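In this text the structure is predicted, and so the values were computed from the model without any measurement. When a ligand or atom number is given, it counts from 1 through the structure's own listing order. Numbers here simply count residues along the sequence, with the first being 1.
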Amino acid sequence: MPLSETEITRRIVEGFSREFLDSLELDVAIAGAGPSGLVAAFYLAREGLKVNVFERNLYVGGGIWGGGMLFARIVVQEEAAGILDEMGVKLDDTGDGYLAGDPVEVVSRCTVAAIDAGARVWVGMTVEDVMIRENDVVTGVVLNWRAVELSGMHVDPLALSAKVVIDATGHDCNVVRTVERKVPGCRIETAGGVVVGEKPMWAEVGEREIVDNTREVYPGMMVCGMAANTVFGSPRMGAIFGGMFLSGRKVAGLAAGKVRGGA
Ligand code: 48F
């Protein structure tokens, strides 16, 4: 078969445009394709909701790849093992309730599970802002290419609507911080109304508090994963990941309830 560069180009531009246009009105937009974002996408898509994940890197997986200090293993406590089992990830039972997994397998299988369930995952796109409408409700995400962000070029973004926006951006809680910075008089649902900031490492407490911290923190905007602990001032926990998976599953339930209930 003779190959034509212009036909290759046509397929790329048409395919991208078709998928992007199909994503203009979402049930749920997730910023960040780390462990919590991927798990949230999996459960939301399995519920039949229209969910897209926007990841600024050209690769998914967030902090999973690096294991602990580049030692390529992650640890998962037994309470969360069932989630990985549902997503097809095999873990080694290392005794006393600790399981361990290979980062390449965890990222790969979690991503495939989310996509097979019906989620769409975009890479190279930064959620640089949100849309806010009457009553200070977050109604969607504002996107730009990460390459544009890094270059510093002045290029205006594009926007998609979503009934719920989930900040799964990890330690920096970038989306919540954007809202906090840009909305005058904004109150995040913490005791003081502001992002508290993460505390030093304490795996036991960080893993315990992350699920409770996973919730709606501003109308239309929920937080999960390490972003939840940063928002509420809980400790980091290092290379144990069970809390990230449990948090992703919890936020999926909350977001599905909000979309379905229209609340
Ligand atoms: O950091 P990350 O893996 O977040 P997580 O799901 O998991 C945390 C763990 O990896 C680890 C830990 C384990 O105990 O503490 O750190 O909470 O993934 C966050 C992803 O969000 C992307 C970022 O590139 C990463 O892949 N991200 C950050 N800001 C944006 C973003 C943004 N504004 N738009 C799109 N993606």
Considering only heavy atoms of [X], which atoms of ligand 1 have at least one such atom less than 4.0 Å away?
X      : result
Gly62  : 3 (O), 18 (O), 25 (C), 26 (O)
Asn57  : 24 (O)
Gly225 : 17 (O)
Phe54  : 35 (C), 36 (N)
Ile240 : 13 (C), 14 (O)

Step by step, work out the side chain to side chain donor-acceptor pair (under 3.5 Å) result for Asp92 and Thr94. CA-CA 6 Å; Asp92 298 333; Thr94 57; over 6 Å; no
Ligand 1 contact by Met237, heavy-atom criterion under 4.0 angstrom: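 Right, Met237 reaches ligand 1.
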Using a strict cut-off of less than 4.0 Å between a Lys/Arg side-chain nitrogen and an Asp/Glu carboxylate oxygen, indicate whether [X] and [Y] qualify as a salt bridge.
X     : Y      : answer
Lys90 : Asp85  : no
Glu55 : Arg146 : no
Lys50 : Asp27  : no
Glu47 : Arg260 : yes
Glu14 : Arg18  : no

So, the side chain of Trp65 versus the backbone of Val60: is there a donor-acceptor pair under 3.5 Å, distance only?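 Side chain of Trp65 to backbone of Val60: a pair is present.
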Nearest neighbour of [atom] from the list [options], on a heavy-atom basis:
atom                    : options                : value
atom 7 (O) of ligand 1  : Pro235, Ala40, Pro35   : Pro35
atom 13 (C) of ligand 1 : Gly238, Ser247, Ala239 : Gly238
atom 36 (N) of ligand 1 : Glu198, Arg56, Met125  : Arg56

Looking at [atom], what's its closest protein heavy atom, distance included?
atom                    : answer
atom 6 (O) of ligand 1  : Ser36 OG, 2.7 Å
atom 33 (N) of ligand 1 : Val127 O, 3.0 Å
atom 21 (O) of ligand 1 : Gly32 CA, 3.2 Å
atom 16 (O) of ligand 1 : His171 NE2, 2.9 Å
atom 29 (N) of ligand 1 : Asn174 ND2, 2.8 Å
atom 25 (C) of ligand 1 : Glu55 OE1, 3.5 Å
atom 4 (O) of ligand 1  : Gly170 CA, 3.4 Å
atom 9 (C) of ligand 1  : Phe241 CE2, 3.6 Å

Have [X] and [Y] got a donor and an acceptor in their side chains that come within less than 3.5 Å?
X      : Y      : result
Tyr218 : Glu180 : no
Asp129 : Thr178 : no
Thr126 : Glu149 : yes

With nothing but distance in play, are any N or O atoms of Glu207 less than 3.5 Å from an N or O of ligand 1?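 No; every N/O pair is 3.5 Å or more apart.
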Is there at least one pair of N or O atoms, one from Gly63 and one from ligand 1, spaced under 3.5 Å apart?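 Yes - when backbone and side-chain N and O of Gly63 are compared with those of ligand 1, one distance drops under 3.5 Å.
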Could you check His171 against Arg236 for side chain to side chain contact (heavy atoms under 4.5 Å, CB included), going step by step and ending with a plain yes or no? CA-CA 8 Å; His171 294 260; Arg236 67 183 307 186; 4.0 Å; yes
For atom CG of Leu70, is the number of surrounding heavy atoms from other residues, nucleotides or ligands below 6.0 Å larger than 12?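 Not more than 12 within 6.0 Å, no.
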Between Met226 and ligand 1, find which residue part has any heavy-atom pair under 4.0 Å and reply side chain, backbone, both or neither.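 Both backbone and side chain of Met226 come within 4.0 Å of ligand 1.
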Can you tell which part of Asp172 has a heavy atom less than 4.0 Å from ligand 1: side chain, backbone, both or neither?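 Answer for Asp172: neither.
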Applying side chain to side chain contact (heavy atoms under 4.5 Å, CB included) between Met237 and each of Glu204, Glu198, Met226, report the one that passes.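 The single option meeting the side chain to side chain contact (heavy atoms under 4.5 Å, CB included) with Met237 is Met226.
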